[in-house]
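Here the structure comes first, spelled out in structure tokens, and everything after it is commentary.
Each ligand, and each atom within it, is numbered from 1 in the order the structure gives.
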Amino acid sequence: MKIQDILAETRTISFEFFPPRESTGIHTVLEKIESLQVYSPNFISVTYGAGGSTRKFSEELTTKAKAHYDVEVMAHLTCVGHTVKELDEILERLESSAIENIIALRGDLPTNQTKKLTVENGFVHASDLINHINKGYSFGLGAACYPEGHPEAVSFDHDINYTKLKVENGADFLITQLFYDNDDFFRFVDKARAIGIQVPIIPGVLPVLSSNQIRKFTRLCGARIPSDLEMQLVKYENDDEGARAMGVEYATCQVQGLWDSGVSGIHFYVLNRSYSVSKILDNLRLERSLL
Ligand SMILES: Cc1cc2nc3c(=O)[nH]c(=O)nc-3n(C[C@H](O)[C@H](O)[C@H](O)COP(=O)(O)OP(=O)(O)OC[C@H]3O[C@@H](n4cnc5c(N)ncnc54)[C@H](O)[C@@H]3O)c2cc1C
């Protein structure tokens with residue numbers, strides 16, 4: 001079922017996983033996916049390694065998850081470094097594996113790679129890939145958006161207008177980059193609606209796993225760490241277990257606030273670690289019967 005059709009019926013809970021570096025790791029990720037099935041996700045997604053090394057395992061994990069579990073699977077696909085011909089080959093394989101949903105992205109090259117971001121006969125931006133998929137295929141189509149603006153963007157206004165272009169080119173729903181202050185998300189949604197973006201906007205939530213990890217991630221994607229969270233990160237600087245427990249509390253409040261505001265769904269960046277997401281969903285079930 002296409003995700004936009006699921007969203008038309010219900011508010012969604014979704015989980016994002018990444019592919020392993022070796023084929024032998026597929027089984028371990030499938031076990032993680034299985035361990036979260038008890039929360040009845042409306043869909044799960046599998047990231048695509050724009051750098052190259054994990055690309056083929058992305059497809060393998062996507063199709064195996066779809067075949068093994070009674071859950072919709074959204075494939076991530078990045079256009080960086082790919083020719084249109086290569087992208088078409090992937091799209092055709094996904095189609096023949098009964099994958100119905102794709103989130104179409106530009107992707108980033110790892111900082112240690114010197115390859116060019118775009119190749120001859122390739123696409124420059126996610127909006128180009130979205131346009132191509134929309135014209136030639138019948139996938140449900142997602143796109144990324146950035147409540148605090150994309151780090152390379154000329155300005156927030158430029159960025160949100162390019163988000164609008166992705167929707168005009170065929171994106172049926174948007175999923176946000178991680179953020180830690182719900183007000184940033186609410187402001188983004190208001191601005192998006194004001195410029196005519198009408199599709200569902202699903203907030204992406206990454207529970208803190210350690211102080212180091214969250215500093216690294218926010219630095220890479222340009223997300224802000226609010227002062228209350230920063231104080232907690234300092235407190236648990238050398239205590240990953242404490243940081244993880246704090247991260248569960250923080251994300252529980254964050255998700256509760258988002259859910260209460262009427263969001264279309266919540267997309268959890270699971271990072272193949274099911275513990276925190278399980279705890280958060282247990283907390284919410286117990287407190288307010290969220291699901
Ligand atoms: C939900 C989600 C899932 C993700 N999954 C993956 C994944 O699986 N694999 C992966 O490698 N990365 C993934 N990413 C990261 C993403 O690839 C990076 O954030 C990347 O830098 C931008 O991707 P994009 O699709 O937003 O690109 P784009 O929409 O192309 O935007 C990139 C930059 O170009 C600007 N821009 C956009 N369109 C135009 C235009 N037409 N003309 C000029 N400038 C333009 C934008 O303002 C932005 O600064 C994901 C991000 C999110 C939020």
Quick one: which of Y269, Y162, F123 has a heavy atom closest to atom 39 (C) of ligand 1?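 When every heavy atom of Y269, Y162, F123 is considered, Y162 comes closest to atom 39 (C) of ligand 1.
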Minimum distance, heavy atoms only, to atom 27 (O) of ligand 1: which one of M74, H125, R106 is it?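 Comparing heavy atoms across M74, H125, R106, the nearest one to atom 27 (O) of ligand 1 lies in R106.
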Is the closest heavy atom of F18 to ligand 1 under 4.0 Å?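 False for this residue.
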Does the residue H158 have a heavy-atom contact with ligand 1, meaning some pair of atoms that are separated by less than 4.0 Å?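 Under 4.0 Å: no for H158.
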Go through ligand 1 atom by atom and flag the ones less than 4.0 Å from a non-hydrogen atom of [X].
X: A144; answer: 26 (O), 52 (C), 53 (C)
X: A153; answer: 47 (O), 49 (O)
X: E152; answer: 49 (O)

With distance as the sole criterion, is a donor-acceptor pair present between the side chains of N169 and H132 under 3.5 Å?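 No, no side-chain donor-acceptor contact under 3.5 Å.
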Scan M1, K2, M74 and name whichever one has a side chain to side chain contact (heavy atoms under 4.5 Å, CB included) with F43.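 For F43, the side chain to side chain contact (heavy atoms under 4.5 Å, CB included) check succeeds only for M74.
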Pick from I280, N182, L284: which one makes a side chain to side chain contact (heavy atoms under 4.5 Å, CB included) with Q256?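 Of I280, N182, L284, side chain to side chain contact (heavy atoms under 4.5 Å, CB included) with Q256 is met by L284 alone.
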Stepwise ring-ring contact (aromatic ring centres under 6.0 Å, His included) test for H267 and Y269: CA-CA 7 Å; H267 186 70; Y269 293 108; 5.5 Å; yes
Would you check whether [X] has a nitrogen or oxygen atom less than 3.5 angstrom from a nitrogen or oxygen atom of ligand 1?
X: H76; answer: yes
X: D108; answer: yes
X: A126; answer: yes
X: T47; answer: no
X: D159; answer: yes
X: T78; answer: no
X: G107; answer: yes

Using a 4.0 Å heavy-atom threshold (strictly under), name the region of H150 that reaches ligand 1: side chain, backbone, both or neither.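 Within the 4.0 Å criterion, H150 contacts ligand 1 through side-chain atoms alone.
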Applying a heavy-atom cut-off of 4.0 Å, say which part of K166 lies close to ligand 1: side chain, backbone, both or neither.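 The answer is the side chain.
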